[in-house]
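To keep things clear, I will list the structure first and then write my remarks on it.
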Amino acid sequence: MQDKKQDFIDQKLQDLNNDGVDRRGFLKCMAWAGTGLVWTMSGGIPVSQAFAKSADHAGKRGDFSFVQISDSHIGFNKPANPDVTATLQTAIDKINAMPHKPDFIIHTGDLSQLSKPSEFDTLDQVLKGASAKQIFFVPGEHDMLTDNGEEYLQRYGKGTKGTGWSSFDHKGVHFVGLVNVANLKAGGMGSLGHEQLEWLEDDLKGRSASTPIVLFAHIPLWTIYPDWGWGTDDSEQALSYVKRFGSVTVLNGHIHQIMQKIEGKVSFHTAMSTAFPQPAPGTAPSAGPMKVPAEQLQKVLGITDVNYVRGQHSLAVVDSTLG
Amino acid sequence: MKTKNFWAALATPMMIATLLLAGTPSVTANDQLSAAPAAVKIDNFSFGPQTVTVPVGATVTWTNADDIPHTAVSTEGVFKSKVMDTDEKFSYTFTKAGTYAYYCTIHPKMTGQIVVQ
């Protein structure tokens, strides 16, 4: 079991090493905080620090924070996690127990397993218990399995455009929720599509380059592993529209594990699932749900806390596991 | 150990030979199988076999063996499965010769083709 955990950590190290992140600093962080992981962005340079220290700082200095949850897959009942409702509940309990209250929650898709009304009902029931009352959604491919996402859009897409994209401003930060799981083409990966890209260009036009931008979508907006479709075919186009901004944070789900990349002023981050883990790219025959020993499950599920500090142009992204 | 390995080594080619022999009649009796169904197993996010060749009139049945739902949808709109959850099936009967490319609309990297002769 220890080996498994070590493998998991090693994999994360490998991913991060490609980005020039200090290995020793990361190890120290892992050792100190277990699987909790903190990256503070400052001028495009990631600085790792221990979990509790950062949480303290965030509490004192942060202008606001929000929490990202992802891939709750309500309705999934296979061996990788026979009770996904319970683990989502644990995630919500964890959010409610945070010392600094998040202003809102972002769910980056795959709310449900099969887009069933009963699954959405269960999700709503659990989310109702969250202390943060405002929740923003983007759909995952599992939420649009039937009727082109009609059921999803009726419930979670009020005020959105097209297949569910939208933007909003919060305390000086501009948030854009994008949909890259609709009308997917044979042989391709995620796709935003022409109409949405035009809307995005228009949405960002005229905004000051000093406005911090947060893009969130289900499938990663950077290519992580094409063989498994872990990327978005036309994400380059979308990212070209945010190049002029001083601080861009891209939050995704879909791959059920933490991955990070810094490219200039853009930091990419994927969140853990609240339901089940998936293997690291290329380490398994497929991206299917990964079964870990029951007592390990909560260590590979989690939530992402994002802190914004005005004037620093940096968003501190803090991942913490459920157990 | 030595004896066991010896027999195991011997058994493998014998089994292959037996399978080959058993397989011979069905290859030559292709005409008789014209109405026989063909199967595609969906496993590990792939269609297996990726290319299936069947005679006109054959029914192909897809079965999802993954823990994740999949679809089998013709890129030309010829056939479209419902969402297949674990162990669910979808069948389609091909009445015209041709090559039918298809994919999983949920995981579009998954592609396959049915060749109808």
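Convention: sequence-line order gives letters A, B, ...; per-chain numbering from 1. The model shown is predicted, which means the values in this text are computed figures rather than measured ones.
Salt-bridge check for A:D121 with A:R155: passed, with a basic side-chain N closer than 4.0 Å to an acidic carboxylate O.
Looking at A:N77, neither its backbone nor its side chain comes within 4.5 Å of chain B, counting heavy atoms on both sides. Neither the backbone nor the side chain of B:D66 comes within contact range of chain A; no heavy atom of the residue lies under 4.5 Å from a heavy atom of that chain. Interface residue B:T75: only side-chain heavy atoms are found under 4.5 Å from chain A. Both the backbone and the side chain of A:L145 come within contact range of chain B, each with at least one heavy atom under 4.5 Å from a heavy atom of that chain.
Using a 4.5 Å heavy-atom cutoff, the side chains of A:S191 and A:N180 are not in contact. You'll find the side chain of B:T93 stays beyond 4.5 Å of the side chain of B:F79, heavy atoms only.
Note on A:S286, A:A284, A:S115, A:G190: by heavy-atom pairs under 4.5 Å with chain B, the leading option is A:S286.
Distance alone, capped at 3.5 Å, places no donor-acceptor pair between the A:S235 side chain and the A:G231 backbone. In this structure a side-chain-to-backbone donor-acceptor pair under 3.5 Å is present from A:E119 to A:L114.
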